[in-house]
Structure formats: C-alpha cells, structure tokens
Enquirer: 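Below is one structure. I have some questions about it.
Letters A, B, ... mirror the listed sequences (proteins, then strands); counts begin at 1.
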There are 2 protein chains.
Amino acid sequence: MKTIRDVAKSAGVSPATVSRVLNNKGYVSEEKKARIEKVIQEMGFEPNQVARGLAKKTSNTLALIVSDITNPFFPELAKGAEHVAHLNGYSLMLGNTMGVDSEDNDYIKILMNKYIDGVIIATHDIDSELLEKHTKMPMVILEMENKIENACTIKVDTLQGSITATEHLISIGCKKIAHIYGPLYDQTAKERLQGYQNVIHEHPEREEVIVPGDFTIDGGIAAVSQLLKDHPDVDGLFVGNDLMAVGVIKELSRLHIRVPEDIAVCGFDGIYLTKVVSPEITTIEQPIYKMGELAAEKLIDRINNPYMNNESIELKTKLVIRQSSKKDN
Amino acid sequence: MKTIRDVAKSAGVSPATVSRVLNNKGYVSEEKKARIEKVIQEMGFEPNQVARGLAKKTSNTLALIVSDITNPFFPELAKGAEHVAHLNGYSLMLGNTMGVDSEDNDYIKILMNKYIDGVIIATHDIDSELLEKHTKMPMVILEMENKIENACTIKVDTLQGSITATEHLISIGCKKIAHIYGPLYDQTAKERLQGYQNVIHEHPEREEVIVPGDFTIDGGIAAVSQLLKDHPDVDGLFVGNDLMAVGVIKELSRLHIRVPEDIAVCGFDGIYLTKVVSPEITTIEQPIYKMGELAAEKLIDRINNPYMNNESIELKTKLVIRQSSKKDN
DNA sequence: AGACAATGTGAAACCGGTTTTAGATCTCTT
DNA sequence: AAGAGATCTAAAACCGGTTTCACATTGTCT
C-alpha cells in the first residue's frame with residue numbers, strides 16, 4: 001500500500017502538503033495541487049482510514065444498534081441507513097443486542113474505542129443515558145422515548161395512526177373492537193394502546209377490550225385464544241404491530257374464523273409481511289426505509305455540525321386498506 | 001480518555017511494559033503485571049482500538065456483504081454472524097450491494113483501507129477475484145461457486161436437497177412435476193435445477209417442465225401464470241427458493257387452486273416465511289443461522305491462523321414437510 | 001569461573017495520517 | 001518604505017497504541 005509519504009516524495013513536496021490537498025484545507029498553490037493530484041491518480045493512492053481515524057478521532061463509521069435484525073422491521077431500516085451511509089462515504093456497523101448479555105454495556109465500549117462517529121439506536125437494550133454521559137457521540141433515537149436532550153429523535157405519529165386504525169374499524173361497521181397491545185416498556189406500544197382507548201372512550205356505548213401481547217407472531221397467536229375465550233363476539237381487531245397481526249391471521253384461519261367477514265383485522269408498522277400472507281393485512285404503514293435513510297442523514301448532519309439543534313422529527317403514517325378489513329357490504 | 005502512557009506513568013513503568021501485559025506477550029514480571037492490571041482496573045482504561053489497529057494493521061472488524069438485507073435469508077445469516085463476531089470481540093460491518101452502482105468496486109476499497117480483518121461474501125456483486133488479488137484478506141464465501149483457492153467456502157448439499165425435494169413430490173403421488181428455477185448465474189439455482197432434472201430423467205415416463213424465475217415473490221407469481229398457461233395439468237411444483245414459493249402459494253390461492261390437493265408445493269431455503277403463510281410451505285431447510293455462525297467462526301479461525309488450510313464446508317439440508325405437500329390419502 | 005540462554009525492562013522507532021509551528025514570499029496599505 | 005496581512009511550504013509534533021533494539025539481570029551448565 002502506498003502512503004502519503006510515497007506520494008509526497010514522488011511529487012517532490014512534504015507529506016503535510018499532500019494532506020492539505022487531500023483534505024482540501026489550508027493553502028496550496030494551484031501548481032503543486034495539480035502535480036500532487038496527478039501523482040495520486042497515477043499511484044492509485046487511497047488514504048488509510050485507520051491512520052486518518054487515529055489522527056482525527058474519527059472512523060467514518062456509523063453504528064446501527066437493533067434488538068433483533070431478524071424482525072422484519074429492521075432489515076428495511078438497515079437498508080435505508082446503509083444506503084445513505086454508503087453514499088456519504090460512511091460504513092455501517094451492525095449491532096444486535098438480543099441474545100447478548102450486555103455485561104458492562106459492551107456495545108458502548110466498542111462505540112467509544114473504535115471512534116464510531118455516530119449511532120442510530122433502535123433498541124431498548126442500550127442505555128442511551130450512559131452513552132450520552134460517557135461520550136458526546138451524536139445519536140439518533142428511533143421510535144423511543146428520548147431522555148437525552150442532545151439527541152435527534154425520529155418517530156411516527158403513532159397516536160394519530162392508532163386513532164386512524166381504530167376509527168377505520170368503526171367505519172367499516174365493527175361493533176366490538178379489541179386491541180392487542182405490546183410490551184408497555186415500549187413507548188410506541190403505549191401510544192398505540194392510548195390511541196385505541198381515546199377512540200373507544202369517545203363512544204360511550206363501546207366496550208374497551210384489551211389483551212396483552214409481545215410483538216411477536218407467536219404472541220399474536222396466543223393473544224387470539226386468550227381474547228376469544230372471554231370475548232367470542234369481537235368483530236374487529238386492532239393489533240399492536242404487524243408481526244402479531246400475522247400471527248392473528250394465522251390463528252383465525254386455523255380456527256376457521258373468516259377475515260374480514262367474521263373479524264376484521266388491522267395491524268401497525270407496514271412491514272412487507274402484511275402483503276405476503278392471505279388475506280393481506282390492513283395496516284398503518286410507517287415509511288420504514290425512509291426512516292432508515294432519514295436517521296442516517298440526520299446523524300451525518302449532526303456529525304458535520306455538532307452545534308446543530310437536535311430536531312425531533314415526526315413522520316406521518318398512512319392507513320393502507322387491504323383484504324383483512326375490506327367489508328364491502 | 002485514558003491512554004496507555006497514563007497507565008504507564010501511574011504504575012511507574014514504561015508504555016511498552018503495559019502493552020506487554022495488555023497483549024499477554026513478552027516477558028513481564030509477575031509483580032509488575034499485577035501492579036499494572038490493578039492500575040488498569042482503577043483507571044478504567046480501555047485500549048483505543050483505532051490506535052491499536054494502526055499499529056497492528058487490524059480493525060477487529062469483520063464485514064458481511066450481502067446483496068439485499070431485506071431478503072429474509074440474510075437477516076438470519078447476519079444474526080448468526082454478528083453473534084459469533086461479537087462473542088469473539090469483533091464488530092460486524094454490513095454491506096448491501098443491491099442498488100449501489102459499485103463503481104470501482106467501492107466496497108473493496110473500504111475493506112482495504114479500513115483494515116477490515118476478514119469478509120463474508122454472500123452476493124454476486126463483489127468481484128472476489130479482484131479482492132483476492134489486491135488484498136490477501138481472509139474470506140468466507142457463501143453458497144457460491146468459488147474461484148479463489150485461498151478462501152473458505154460454505155455451502156449446503158444443494159444437489160442432494162433438490163433431489164430429495166423432487167423425490168418427495170413423487171412419493172406423495174404427484175404425476176406431473178414442474179420446477180421454477182432461479183437466475184442461472186447463481187450457482188445454487190443451477191444445482192437446484194440439476195437435482196430436479198436428475199430425478200425426472202431417472203423416470204422415462206416423466207416429462208421435464210421448467211419455468212424461469214428470479215428468486216423473488218413477484219417472480220414466483222409471474223412464473224405460475226406462465227406455467228399454468230402451457231401446463232394446466234401440473235400437480236407438483238418444486239420451486240427454486242422459498243421466496244418464489246411464497247409468491248406461488250399466493251397466486252395459486254388467488255386462482256382458487258388448492259394447495260396441496262390440486263398442486264403440491266415444495267420450496268428451498270427454510271426461511272421463516274414458509275411458516276408464516278398458509279398453507280405452511282414444505283421446504284428444504286438450510287441451517288441459515290448456523291451458516292452465519294459458522295462463516296464467522298471460520299473467518300476468525302483463518303484470521304488467527306493465516307496458514308490454515310481453506311476448508312470447503314458442506315452442510316446438510318433437511319426436508320421439512322408442511323401443509324403445502326401433505327396429501328394424506 | 002566463564003559462557004550462554006532465559007528473563008525483564010525502557011527508550012525509541014514505527015504504523016500512516018493530520019495539525020501546529022515557524023519561516024519564507026508576496027501583496028497591499030498608509 | 002515600513003508594517004500588516006495573506007499565501008505557501010516543510011519540519012516536527014502528534015494521535016495512541018505496538019514492536020524492535022539494546023542492555024541488564026538472573027539462572028544453568030560445563
């Protein structure tokens with residue numbers, strides 16, 4: 001591998017001057033600049049990122065920490081983030097917290113001593129306050145309550161989305177609408193429940209029926225049994241996320257309960273799985289890929305401009321009506 | 001951040017000695033070793049990986065390059081690889097080649113000038129020969145024809161798997177079995193086709209019916225129309241991969257063709273999607289997560305022992321019979 | 001007792017960049 | 001014409017580790 005000193009020697013200048021043209025920073029005469037660029041071309045010189053990182057306390061790397069990359073929400077997010085990162089000359093480090101005993105907040109140490117430039121946090125398993133305390137690393141927090149004043153948050157209008165979902169079920173004529181909610185340490189799970197409750201409570205004649213779930217397919221399956229035991233007359237189901245909705249559809253099909261004729265179903269997230277199962281599932285769609293892109297963009301903004309004010313971005317969701325809630329009668 | 005010189009000063013030794021205990025390498029008296037370790041503890045010193053990287057031409061990072069992380073095969077692979085990497089003190093860099101105009105083999109440059117220690121290649125978009133030529137980076141190649149003599153290959157017994165699949169369809173009584181194959185630049189697509197053909201040609205009375213596909217859900221949907229136009233009497237379908245099989249199931253359901261009663265379906269890969277749709281899909285299951293783990297393990301082996309012989313590992317597939325091929329008559 | 005290997009340690013060089021410092025020129029002002 | 005800036009450049013220091021080298025000490029074997 002060629003070094004900057006090789007280039008310098010060959011161009012008859014000092015390494016410092018080469019560095020100046022490399023970084024387009026400081027004074028360099030047009031003549032030397034041209035000469036150096038020519039030599040760089042000819043030698044096929046590429047600056048060593050590790051050496052550069054050591055000197056600049058930088059790594060040109062972003063981290064994306066998710067709880068479980070196997071959850072179909074995250075690959076789409078990751079793809080968006082990786083795309084933008086790559087476009088801007090950054091690499092993306094992937095962290096998967098699920099199944100790791102995060103003794104001593106393992107990942108935080110790595111972020112620090114590898115000079116990771118910024119991190120996108122999409123898991124509850126990272127202690128972002130600790131991270132913020134130890135490093136002032138630029139952070140983007142996804143879909144979570146954010147206690148860090150110095151981090152950018154990206155979320156969707158969850159409350160409005162779940163209101164829309166519930167009202168949609170009402171509008172197609174459902175009489176008794178239940179909600180399967182996710183783990184309540186999750187801010188979004190709470191808000192989705194809240195939205196459902198808001199709508200139900202506006203209608204005094206309606207009964208609130210809620211069942212706990214865990215945001216997994218199996219959780220959805222389990223919730224259905226639980227639900228039907230106590231409320232066999234439910235005819236509309238707003239499920240806390242799409243993964244559970246998939247489980248719900250499966251279980252209802254197994255029980256020969258027709259969707260949407262007997263029970264209409266609406267999920268939340270907009271993962272592509274909703275289009276894969278039959279019936280296809282009505283859902284509140286989030287722009288997941290877009291969120292990944294946006295997260296990386298904002299992160300890079302903050303890296304380049306540390307004094308930028310930390311926005312909190314809220315994206316719109318969209319009701320996508322599919323077979324699982326189509327009662328065209 | 002504390003540096004090694006801080007530790008040295010505080011322990012009354014030279015940085016070199018601290019480095020020796022850090023790396024457990026070279027002679028250090030028990031007494032100083034204990035003293036240094038105590039100081040490290042107390043100061044909470046963590047060696048800077050970037051500096052270490054520069055000195056050792058190392059990064060403690062593996063790269064995983066996939067074509068599209070959104071394809072459900074890859075997150076599972078990534079999870080396995082990340083897990084093992086993390087356990088061994090490595091980070092995992094994710095590269096997604098799809099949608100990138102890989103001008104100048106972008107990713108190869110990154111791998112080189114970030115001192116990435118090794119790479120798992122699971123895409124056709126990386127020119128592994130070029131990579132091998134420029135760097136002698138340890139590589140593990142997944143499920144592809146490997147032209148590099150110095151790389152470890154991991155694949156499954158694709159030929160046997162597809163033979164098993166085809167024979168399974170025969171065994172449940174299918175009379176006319178078709179195959180939807182994937183893009184033939186993909187080695188596995190070729191082998192899956194080959195396995196199908198081997199079995200069919202063993203039975204002179206059977207007709208070979210093959211239709212091209214592209215390994216996507218939509219590709220599966222398209223292939224069904226194509227197939228049924230020319231061969232409405234097909235009653236068994238070995239689909240080149242699960243993603244297409246999902247599309248097939250969907251399209252058959254739309255056409256009110258019953259699975260398995262009218263047409264039995266068998267896929268290949270073992271992605272969890274096969275368990276999500278109904279009917280659940282019979283498939284040739286590969287140990288995907290395991291493959292990810294194994295890839296990382298082998299890669300780390302090679303990094304630690306550059307002269308290790310480059311194995312070629314072949315894993316067994318398993319026929320998993322589900323609803324889509326259950327003809328219990 | 002002398003030779004030789006094994007053990008233990010710090011100074012200095014090194015990895016490959018960036019940044020500071022200091023000095024040289026050149027160009028305006030007044 | 002002298003002083004103030006702006007432009008340009010190389011040498012040297014620096015980022016935070018590792019490794020080589022040189023030298024001392026100790027132990028072991030004839």
Side-chain angles (χ1 to χ4, degrees), chain A residues 1-37 39-40 43-61 89 109-117 135, chain B residues 1-37 39-40 43-61 89 109-117 135 303-304:
Chain A
M1 280 291 81
K2 299 300 175 193
T3 75
I4 202 174
R5 301 187 211 251
D6 297 330
V7 174
K9 191 174 299 172
S10 170
V13 299
S14 77
T17 305
V18 178
S19 177
R20 282 185 209 107
V21 340
L22 245 29
N23 293 284
N24 204 17
K25 186 179 182 177
Y27 296 111
V28 180
S29 65
E30 282 306 320
E31 179 242 332
K32 292 210 170 162
K33 183 171 176 194
R35 192 156 86 228
I36 290 169
E37 279 170 345
V39 172
I40 289 178
M43 302 181 71
F45 166 79
E46 295 272 341
N48 178 314
Q49 295 297 331
V50 178
R52 180 177 272 189
L54 178 57
K56 307 221 289 198
K57 297 186 190 306
T58 259
S59 64
N60 273 300
T61 302
K109 276 187 195 161
I110 294 174
L111 297 179
M112 281 171 40
N113 58 38
K114 284 200 173 163
Y115 287 154
I116 300 297
D117 299 319
T135 75
Chain B
M1 281 289 81
K2 299 298 176 195
T3 74
I4 201 175
R5 303 187 210 251
D6 297 330
V7 173
K9 192 174 298 172
S10 171
V13 298
S14 77
T17 306
V18 177
S19 177
R20 283 188 202 103
V21 340
L22 245 30
N23 294 283
N24 204 17
K25 185 179 185 179
Y27 296 112
V28 180
S29 66
E30 281 307 320
E31 177 242 331
K32 291 209 171 164
K33 182 172 177 193
R35 192 157 84 229
I36 291 170
E37 279 170 345
V39 172
I40 289 178
M43 301 180 71
F45 166 80
E46 295 274 339
N48 179 314
Q49 295 297 331
V50 178
R52 182 176 273 191
L54 178 58
K56 306 222 289 198
K57 296 187 190 307
T58 259
S59 64
N60 273 301
T61 301
K109 277 188 195 161
I110 294 174
L111 296 178
M112 283 170 40
N113 58 38
K114 284 199 174 165
Y115 287 153
I116 300 296
D117 299 320
T135 74
I303 291 167
N304 293 332

Enquirer: Would you check if B:V18 and B:V13 make a side-chain contact, meaning some heavy-atom pair closer than 4.5 Å?
Expert: yes

Enquirer: If you look at every heavy atom in B:Y115 and B:S59, which pair is closest and at what distance?
Expert: O-OG, 2.7 Å

Enquirer: Taking the side chain from B:K114 and the backbone from A:N60, do they hold a donor-acceptor pair closer than 3.5 Å?
Expert: yes

Enquirer: When you measure from every atom of DNA chain C, which of residues 44-53 of chain A have a heavy atom less than 4.0 Å away?
Expert: A:F45, A:P47, A:N48, A:A51, A:R52

Enquirer: Should we count CE of B:M43 as having more than 12 external heavy atoms under 6.0 Å?
Expert: yes

Enquirer: Nearest 0.5 Å, please: how far is CD in B:Q49 from CG in A:L111?
Expert: 12.0 Å

Enquirer: Counting any heavy atom closer than 4.0 Å, what does B:V18 reach on the DNA or RNA strands: base, sugar-phosphate only, or nothing?
Expert: nothing

Enquirer: Can you measure A:R20 atom CZ to C:dT20 atom P for me and round it to whole angstrom units?
Expert: 11 Å

Enquirer: Pair B:V39, B:I36 - check side chain to side chain contact (heavy atoms under 4.5 Å, CB included), show working.
Expert: CA-CA 5 Å; B:V39 172; B:I36 291 170; 5.7 Å; no

Enquirer: Quick check for you: to the nearest 0.5 Å, what is the distance between B:K33 atom NZ and B:R20 atom CZ?
Expert: 13.5 Å

Enquirer: Which nucleotide span of DNA chain D, 5' end to 3' end, has atoms closer than 4.0 Å to non-hydrogen atoms of chain B?
Expert: D:dG16 to D:dT20

Enquirer: Please find the pair of heavy atoms, one from A:G12 and one from A:R35, that lie closest to each other, and give the distance.
Expert: O-NH2, 4.0 Å

Enquirer: Find which nucleotide of DNA chain C each of B:G12 and A:R5 is nearest to by heavy atoms, and output the residue with the more 5' nucleotide.
Expert: B:G12

Enquirer: So which atom in A:A8 and which in A:S14 form the shortest heavy-atom distance, rounded to 0.1 Å?
Expert: CB-C, 3.7 Å

Enquirer: Pull out every residue in residues 21-37 of chain B that has a heavy atom closer than 4.0 Å to any atom of DNA chain C, ordered by number, or say none.
Expert: B:Y27, B:V28, B:S29, B:K32

Enquirer: If you measure from CG on A:L22 to CD1 on A:I40, what distance do you get to the nearest 0.5 Å?
Expert: 5.0 Å

